There are 2 protein chains.
Amino acid sequence: MKNETIIDSEVTCSSSCGISKIQKIFAGKWKIMILWTLHERTMRFGELNRALGDITQSALTKQLRELEADGLVKRYVYREVPPRVEYSLTETGNNFVPLLEQINTWSLENL
Amino acid sequence: MKNETIIDSEVTCSSSCGISKIQKIFAGKWKIMILWTLHERTMRFGELNRALGDITQSALTKQLRELEADGLVKRYVYREVPPRVEYSLTETGNNFVPLLEQINTWSLENL
DNA sequence: CGGTATCCTGAACGATACTG
DNA sequence: CAGTATCGTTCAGGATACCG
């Protein structure tokens, strides 16, 4: 009746599935928290740094560059002295916010 | 009118917020993919191992133990020879599935 | 202020071998 | 089959110093 030999089934989450893609983004120690911190307002580099607490400057810079490359975060440099750089979510980043909110809620209720 | 000095505001995502709690789960290289793979059916250790592709036995064991400790995955040992162990999502784990589905969709559309 | 540039450490993960 | 036990490696992130 039923084929017992599973044909190398696509239960597998290899490369093609969304979950394995997002893994790389969430893997970063600070990335979700950066998105969460930016979810309601634009922030300057220093603010973000302070808001996150224990992250180092270099780590923050790196994670921000990666989020930028993934199209989740936007960087705007004001040509001023002293320098001023603001970070905010992109359109794509904003689309993710509702999910973050749900995740937050779930997490508080279940962890 | 408005207090310009932000009073060490609770924009901060320190410990108390759900996002920082879930970070630890997402941090594991395989955890979300394990949850995703188990999201529709119970699987044996070996099946899971194969479904995930490149993970090693020892790594899988470790990640499963951690997911168990976090109450997301259930482990059932059949007292048989040869041994047989089945893994499935707990109630809590199942509650997370709808979010996983949304995340998957979002990921496919945005990454 | 908002970065780079180095250097370095720890933990996570992989590889491999062995076992009830 | 489903592990455990070791060992080795990689590399993300921390620490620190310096710069436009």
Side-chain angles (χ1 to χ4, degrees), chain A residues 4-6 13-15 19-20 22-35 37-38 41-70 72-88, chain B residues 4-6 13-14 19-20 22-35 37-38 41-70 73-88:
Chain A
E4 291 299 332
T5 359
I6 301 167
C13 181
S14 43
S15 51
I19 298 296
S20 78
I22 210 164
Q23 200 286 324
K24 275 127 191 148
I25 292 177
F26 282 166
K29 186 171 176 185
W30 298 99
K31 296 210 183 132
I32 1 175
M33 273 151 74
I34 292 174
L35 296 180
T37 308
L38 290 177
R41 68 178 185 90
T42 292
M43 291 180 80
R44 298 184 59 172
F45 182 86
E47 280 183 293
L48 203 44
N49 203 163
R50 269 172 273 116
L52 291 169
D54 267 343
I55 193 171
T56 56
Q57 271 194 0
S58 40
L60 179 54
T61 303
K62 201 188 157 210
Q63 308 260 319
L64 283 170
R65 293 289 180 279
E66 290 171 12
L67 286 170
E68 228 189 315
D70 287 327
L72 297 171
V73 162
K74 221 167 9 188
R75 178 171 182 262
Y76 190 78
V77 183
Y78 293 84
R79 304 283 290 137
E80 302 175 358
V81 177
R84 181 171 154 220
V85 180
E86 288 191 342
Y87 291 92
S88 57
Chain B
E4 293 297 333
T5 0
I6 300 168
C13 180
S14 42
I19 298 296
S20 79
I22 210 165
Q23 201 285 325
K24 274 125 192 150
I25 292 177
F26 281 164
K29 185 172 174 184
W30 298 99
K31 295 211 183 130
I32 0 174
M33 274 151 74
I34 292 173
L35 296 179
T37 307
L38 290 177
R41 68 179 184 90
T42 292
M43 290 180 83
R44 297 184 59 172
F45 183 84
E47 280 184 295
L48 203 45
N49 204 162
R50 268 171 275 118
L52 290 169
D54 267 345
I55 192 172
T56 57
Q57 274 194 359
S58 40
L60 179 55
T61 304
K62 203 189 157 209
Q63 308 259 319
L64 283 170
R65 294 287 179 281
E66 290 172 13
L67 286 170
E68 230 190 312
D70 287 328
V73 163
K74 223 169 5 190
R75 178 172 182 261
Y76 190 77
V77 182
Y78 292 85
R79 303 286 288 137
E80 302 175 355
V81 176
R84 181 170 154 219
V85 181
E86 289 191 342
Y87 291 90
S88 57

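Because the structure is a prediction, the values reported are computed rather than measured. Throughout, protein chains are lettered first and strands after them, A, B, ... in sequence-line order, and every chain is numbered starting at 1.
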Seminar exercise, completed: When rounded to whole Å, the CZ to C1' distance for the pair B:R50 and D:dC1 reads 10 Å

Seminar exercise, completed: With sequence neighbours left out, the residues meeting salt bridge (charged side-chain N to carboxylate O under 4.0 Å, His left out) with B:R84 are B:E80, B:E86

Exercise. Can you name the residues that form a salt bridge (charged side-chain N to carboxylate O under 4.0 Å, His left out) with B:K31, not counting sequence neighbours?
Worked result: B:E66

Exercise. Could you state the CG-P distance from A:L64 to C:dT4, rounded to the nearest angstrom?
Worked result: 10 Å

For this session: Using heavy atoms and a sub-4.0 Å distance, could you list which residues of residues 72-80 of chain A are near DNA chain D? By number, please.
Result: none

Exercise. Can you tell me how far the OH atom of A:Y87 sits from the CG atom of A:L48, to the nearest 0.5 Å?
Worked result: 8.0 Å

For this session: Grab the two heavy atoms, one from A:L52 and one from A:W30, that are nearest each other, plus how far apart they are.
Result: O-CZ3, 3.6 Å

Problem set entry | Exercise: identify the closest heavy-atom pair between B:Q23 and A:A27 | NE2-O, 4.2 Å

Exercise. B:F26 and B:I32: which non-hydrogen atoms are nearest, and at how many Å?
Worked result: CE2-CG2, 3.2 Å

Do any side-chain atoms of residues 53-61 of chain A form donor-acceptor pairs under 3.5 angstrom with protein atoms, and if so which ones, sequence neighbours left out?
| residue | atom | partner | partner atom | Å |
| --- | --- | --- | --- | --- |
| A:T56 | OG1 | A:A59 | N | 3.4 |
| A:T61 | OG1 | A:Q57 | O | 2.9 |

Seminar exercise, completed: Pairing string of DNA chain D (Watson-Crick or G-U wobble, both atom distances under 3.5 Å; | = paired to other strand) is ||||||||||||||||||||

For this session: May I have the distance from B:R44 (atom CZ) to D:dG3 (atom P), rounded to whole angstrom?
Result: 10 Å

Exercise. Closest approach of A:T37 and A:M43, non-hydrogen atoms and distance?
Worked result: CG2-SD, 3.7 Å

Exercise. Does the side chain of B:Q63 come within less than 4.5 Å of B:I34's, by heavy atoms?
Worked result: yes

Exercise. Quick one: is B:Y87 getting a side-chain N or O under 4.0 Å of the D:dC1 phosphate, OP1 or OP2?
Worked result: no

Exercise. Which heavy-atom pair separates A:S88 from A:T42 by the least distance, and what is that distance?
Worked result: CB-OG1, 3.3 Å

For this session: Identify, between B:P83 and A:P83, the residue whose nearest nucleotide on DNA chain D lies closer to the 5' end.
Result: B:P83

Problem set entry | Rounded interatomic separation in angstrom, taking CZ from B:R65 and C1' from D:dA5 | 14 Å

For this session: Write down the distance between CZ (B:R84) and P (D:dA2), rounded to a whole number of angstrom.
Result: 9 Å

Exercise. Which whole-number value in Å describes the distance from A:N49 CG to C:dG2 C1'?
Worked result: 10 Å

Polar atoms only, N or O, under 3.5 Å: list the protein pairs with nucleotides 12-14 of chain C and their distances.
| residue | atom | partner | partner atom | Å |
| --- | --- | --- | --- | --- |
| C:dC13 | OP1 | B:K29 | N | 2.6 |
| C:dC13 | OP2 | B:Q63 | NE2 | 2.6 |

For this session: Specify the separation, in whole Å, of atom CD of A:Q57 and atom C1' of D:dC19.
Result: 12 Å

For this session: Evaluate the side-chain proximity of B:R65 to B:K62: yes if any heavy-atom separation is below 4.5 Å, no if none is.
Result: no

